[in-house]
J.: 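Before anything else, here's the structure in question.
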Amino acid sequence: MSASRVVRLLQTLRPLELGLAREHCAACGFGWLLRLARNELGVRCLRCGASAVTQSLAAVIHAEMPALAAASVYEMSAQGPLVAFLRRQGTALTTSELLDGVDPGAFHNGVLCQNVEQLTFADASFDLCTSSEVFEHVEDDAAGFRELHRVLRPGGRLIFTVPLHDSAYTQERFALRDGVRVAVLPPAYHADRYRGATVLVQRDYGRDIVDRLRAAGFTQACIVAPPRASLFGHARPVVVARRTG
Ligand SMILES: [Zn+2]
């Protein structure tokens, strides 16, 4: 773990909520889990720093992709414990960020810029596409899902997390009125680790996220519920969609 990451983690520390558990990290295999605070980002692997969200993703990726080492993978971020996990598996890994002022497909300081609504990759390029806490920020998520379906090979999987709300239906936070996007709910923001800024939340996903994936072409889509007892109770459901044809 880098020194800056350690400092950032320590800033989230709540002394009364500190905990240590003997549990294997799905991302790196280390056997100790640290709780800095009673929330999913406060639960971290003591060695690789993976949060409860990243460890939930890694566990589902392992289960869904038995031949992960031979897979061609696209991850929609360029750094952090999920990228490190995918690198350690020996995958042929492509990473990117959405960078302001950089053309999609171009590199800036060694980082590839991509907009998921309009990817520059060829059809059927990857066996696995992953993302963590990205799609709730994508303005046209239907276009993004269609693009990931396009760049996946038949049999390929999209495995990702978004904050999932306990609701049957997704609530859009913006609506188009006379061609203009207007807020229908008070603005909500999430911190963006990479750009050091906050990004607007476009929608609160409900369980119909699987229907939205099917509408984009995925023939199979499901929400994989995590085992309840793990990760101090902060394991996260993971969305899995499969391209079959
Ligand atoms: Zn770890």
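Note that the numbering runs from 1 along the sequence shown for the chain.
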J.: Before accepting this row, confirm whether a basic side-chain N of the pair E23/R35 lies closer than 4.0 Å to the acidic partner's carboxylate O.
T.: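 Salt bridge absent between E23 and R35.
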
J.: Is the shortest heavy-atom distance from the side chain of Y189 to the side chain of L200 under 4.5 Å?
T.: yes

J.: Any idea how H190 and H137 line up, ring-wise: parallel (<30°), tilted (30 to 60°), or perpendicular (>60°)?
T.: perpendicular

J.: Taking C-beta and beyond as the side chain, do S77 and V134 meet within less than 4.5 Å on heavy atoms?
T.: no

J.: How about L112 and F107: do any of their side-chain heavy atoms sit closer than 4.5 Å?
T.: yes

J.: Hey, what do you get for CG (L86) to CG (L68), rounding to the nearest 0.5 Å?
T.: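 Here the interatomic distance stands at 6.5 Å.
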
J.: So which heavy atom on R212 is nearest to which on Y205, and how close?
T.: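 That closest heavy-atom pairing would be NE-CE2, 3.8 Å.
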
J.: How about CD on E172, more than 12 heavy atoms from neighbouring residues, nucleotides or ligands closer than 6.0 Å, or not?
T.: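 Result for CD/E172: enclosed.
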
J.: Please name the pair of heavy atoms, one in R173 and one in V201, separated by the smallest distance, quoted to 0.1 Å.
T.: CD-O, 3.3 Å

J.: Is it true that a side-chain atom of S72 and a backbone atom of S125 form a donor plus acceptor pair closer than 3.5 Å?
T.: yes

J.: Scan L158, I223, V210, V224 and name whichever one has a side chain to side chain contact (heavy atoms under 4.5 Å, CB included) with V240.
T.: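 Output: one option passes, namely V224.
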
J.: Are R207 and D166 close enough for a salt bridge, meaning some N to O gap below 4.0 Å?
T.: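 Answer for the salt bridge query: yes.
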
J.: Report yes or no: does R150 contribute a side-chain atom to a donor-acceptor pair with the main-chain N or O of F121 at less than 3.5 Å?
T.: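 Yes, the answer is positive, given that a donor and an acceptor are paired below the 3.5 Å cut-off.
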
J.: Taking side chain as C-beta onward, heavy atoms only, is H62 less than 4.5 Å from Q89?
T.: yes

J.: Under 4.5 Å between any side-chain heavy atoms of Q55 and L33, yes or no?
T.: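 Touching, per the 4.5 Å side-chain cut-off.
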
J.: Which heavy atom of H234 sits nearest to which heavy atom of A52, and what is that distance?
T.: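 Of all heavy-atom pairs spanning H234 and A52, the closest is O-CB, 3.4 Å.
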
J.: With sequence neighbours excluded, what pairs up with E17 under the salt bridge (Lys or Arg N to Asp or Glu O under 4.0 Å) test?
T.: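 Listed in chain order: R14.
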
J.: Taking the side chain from D208 and the backbone from T170, do they hold a donor-acceptor pair closer than 3.5 Å?
T.: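 Answer holds: yes.
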
J.: Heavy-atom count around Y169 OH within 6.0 Å, excluding the residue itself: above 12?
T.: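 For Y169, atom OH is not crowded (no more than 12 foreign heavy atoms under 6.0 Å).
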
J.: Of the non-hydrogen atoms in R203 and E139, which two are nearest, and what is the gap between them?
T.: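 Minimum heavy-atom separation between R203 and E139: NH2-O, 2.9 Å.
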
J.: Check whether any side-chain heavy atom of I209 sits under 4.5 Å from a side-chain heavy atom of D141, and report yes or no.
T.: no

J.: Below 30° counts as parallel, above 60° as perpendicular, anything between as tilted: where do the rings of F218 and H149 land?
T.: perpendicular

J.: Would you confirm whether E117, through its side chain, and D140, through its main-chain N or O, come within 3.5 Å as a donor-acceptor pair?
T.: yes

J.: Does the side chain of Y74 reach to within under 4.5 Å of the side chain of Q114, using non-hydrogen atoms?
T.: yes

J.: Could you tell me which non-hydrogen atom of L119 sits nearest to which non-hydrogen atom of L148, and how far apart they are?
T.: CD1-CD2, 3.9 Å

J.: Do S56 and T161 touch side chain to side chain, with heavy atoms closer than 4.5 Å?
T.: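 In short, these two side chains do not touch, never coming nearer than 4.5 Å.
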
J.: Using every non-hydrogen atom in the two residues, find where E75 and L93 come nearest and quote the distance to one decimal.
T.: CB-CD1, 4.2 Å

